[in-house]
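Here the structure comes first, spelled out in structure tokens, and everything after it is commentary.
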Amino acid sequence: MVANEIYMHRCFELASLGEGKVAPNPMVGAVLVYNDRIIGEGYHMQYGQAHAEVNCINSVGEQDKHLVERSTLFVSLEPCAHFGKTPPCADFVIKNKIPFVVIACRDSYEEVDGKGIEKLRAAGIKVVLPILEKEGMELNRRFFTFHKKQRPYIILKWAETADKKIAGNGPSRLLISNEITNREVHKWRSQEAAILVGTNTALRDNPALTTRLWPGTDPVRMVIDKELKLPSTSHLLDGSVKTILFNSLRHEDTGGLFYYKILTQGEFIKQMISAAYQLQIQSILVEGGARLLQSFLDGNYWDEARILRNSELEITEGLASPTLFDAEKSGSQAILNDTISYYRPASK
């Protein structure tokens, strides 16, 4: 069992290399082991390309190919059993006559969800699971939330001063976090499917919401602009990145800009989350402003909160930070004069 966990941890390490590149697919890593020796490794590197199991088996050197039929395949998620962008991984495992498969957790996607395991066992393969299931589900928490709860995984983020202010009273933008912390935030952006801000933040800060400080893919930009107040000079309307404007006036997809109309009746945030799910957006990083963040907190529409606090900056007068409640601290990180605190909902 200890050996199983060691190899599964290696699967998780490999899987994480695909972060920000494989969504809406899950991150998956695979290791092929013969007699306590790793003879093959692989992970899902890019959406639409070969999956972890295929890359792992294909990585086996010529001198070890005769050992494949006597080896154990460790994989961080149940092998798929359906035709998507690529053929079923379960079929590839069967074709290569691998006798043992160890899996961290089942795939919650309805096209798989146990079917891959059934196919392997029907072919005479011994399948063992779960191994480190909790860790496997944490790795793909966005994927599991999307398919089980039928909504995006939602991360709230804000920067605040030492006296818990998120912005000043004047028209100028208040720069709270340092340059290194800002790079970390851009890394976060590259890991999520979409990034969301409210009308006031878009008007006041004119943000680009890109990953320009980190070598990663720009998320879909989303803004709540009920009355379509954003001027044509706004960075969010420049067409450089796919942008969705949730509003109550217009419904039109122009290619770069998608004006998504939401009825004013009912809870706007809830409808927006539902719309994001329908648009196959698996995760959202909510970056402000204070009122929008508080709406997510009050409605209990969040899975993580990341608060960046500058311990040396106090402004006395300004816009108060959102009020976080029913939360458990899960970790912290110090970056010069900034501290990043991570939280999860206590009741989930």
Side-chain angles (χ1 to χ4, degrees), residues 1-33 38 40-47 49-57 59 71-82 84 86 88-90 92-93 98 100-121 125-155 188 191-193 282-283 303-304 328 330-331 342 344-345 348:
M1 184 63 70
V2 173
N4 283 354
E5 293 183 356
I6 291 173
Y7 293 127
M8 194 58 72
H9 276 297
R10 178 56 182 162
C11 289
F12 297 154
E13 290 176 352
L14 291 166
S16 65
L17 297 175
E19 189 169 45
K21 305 180 184 71
V22 301
N25 285 350
M27 294 176 282
V28 184
V31 174
L32 193 63
V33 179
I38 294 176
E41 291 187 335
Y43 67 97
H44 187 22
M45 302 172 69
Q46 188 74 43
Y47 176 70
Q49 296 182 9
H51 289 187
E53 299 90 329
V54 175
N55 288 332
C56 174
I57 296 169
S59 75
S71 298
T72 298
L73 177 68
F74 292 82
V75 61
S76 59
L77 188 69
E78 174 185 3
C80 63
H82 68 296
T86 61
C89 291
F92 192 75
V93 174
I98 294 174
F100 304 102
V101 176
V102 180
I103 301 169
C105 49
R106 281 176 58 144
D107 190 329
S108 61
Y109 179 45
E110 62 181 0
E111 293 292 334
V112 184
D113 198 12
K115 298 181 180 67
I117 296 168
E118 291 175 6
K119 182 174 282 192
L120 294 175
R121 285 175 171 164
I125 296 173
K126 182 178 179 181
V127 180
V128 176
L129 83 159
I131 298 295
L132 299 179
E133 181 180 33
K134 182 178 180 181
E135 291 86 341
M137 295 186 71
E138 172 67 15
L139 174 70
N140 281 304
R141 57 195 183 279
R142 299 162 179 84
F143 178 82
F144 283 111
T145 296
F146 185 80
H147 291 291
K148 288 185 175 182
K149 298 184 178 181
Q150 297 188 329
R151 64 163 177 81
Y153 187 87
I154 298 170
I155 302 171
W188 295 347
Q191 296 168 344
E192 309 310 329
Q282 199 173 97
S283 62
D303 299 286
E304 291 183 40
E328 292 181 349
S330 58
Y342 300 87
R344 297 286 180 93
K348 290 186 180 180

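The chain is numbered in sequence order, starting from 1.
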Name of the residue among Arg142, Lys21, Glu19 meeting side chain to side chain donor-acceptor pair (under 3.5 Å) with Gln191
Glu19
With Ser71 via side chain to side chain donor-acceptor pair (under 3.5 Å) - residues at least two apart
none
State the OG1-CD1 distance between Thr145 and Ile154, to the nearest 0.5 angstrom.
9.5 Å
For Tyr153, side chain to side chain donor-acceptor pair (under 3.5 Å) partners two or more places apart:
Arg141, Glu304
Hey, are the side chains of Val102 and Tyr7 touching, using non-hydrogen atoms and a 4.5 Å cut-off?
no
Interatomic spacing from NZ in Lys119 to SG in Cys89 - rounded to 0.5 Å:
10.5 Å
Under a 4.5 Å cut-off applied to non-hydrogen side-chain atoms, are Phe144 and Pro26 in contact?
no
For Cys11 against Phe74, the heavy-atom pair lying closest together
SG-O, 3.3 Å
Under 3.5 Å, which donor-acceptor pairs link side chains of residues 126-137 to any protein atom two or more places apart or in another chain?
none

Side chain to side chain donor-acceptor pair (under 3.5 Å) against Glu41, all qualifying residues, sequence neighbours excluded
Arg10
Heavy-atom closest pair, residues Ala15 and Val28
CB-C, 3.4 Å
Does Arg106 have any side chain to side chain donor-acceptor pair (under 3.5 Å) partners at least two apart in sequence or in another chain, and if so, which?
Asp113
Can you list everything that forms a side-chain contact (heavy atoms from CB on, under 4.5 Å) with Ser330? Sequence neighbours excluded, please.
Tyr342, Arg344
Heavy-atom pair with the smallest gap, counting every atom of Cys80 and Glu53:
N-OE2, 4.5 Å
When you compare the side chain of Phe100 with that of Val33, does any pair of heavy atoms fall below 4.5 Å?
no
Partners passing side-chain contact (heavy atoms from CB on, under 4.5 Å) against Ala30 (at least two apart in sequence or in another chain):
Ala52, Cys56, Leu73, Val75
Atom pair CG/CD of Asn55 and Gln49 - distance to nearest 0.5 Å
8.5 Å
Looking only at heavy atoms, which two atoms of Ala193 and Gln282 are closest? And how far apart?
CB-N, 3.9 Å
Contacts of type salt bridge (Lys or Arg N to Asp or Glu O under 4.0 Å), residue Glu328, not counting sequence neighbours:
none
Set of salt bridge (Lys or Arg N to Asp or Glu O under 4.0 Å) partners for Arg121, sequence neighbours left out:
none
Nearest-0.5 Å distance that lies between atom CZ in Phe143 and atom CG in Leu77:
6.0 Å
Any side-chain heavy atom of Arg151 within less than 4.5 Å of one from Asp303?
yes
Tightest non-hydrogen contact, residues Ser76 and Met27, listed as OG-O, 4.1 Å
With sequence neighbours left out, write down each residue that passes ring pair (Phe, Tyr, Trp, His ring centres under 6.0 Å) with Tyr43, or none if nothing qualifies.
none
Has His44 got a side-chain atom pairing as donor or acceptor with Gly29's backbone, closer than 3.5 angstrom?
no
Euclidean distance, Ile125 CD1 relative to Ile117 CD1, rounded to 0.5 Å
12.0 Å
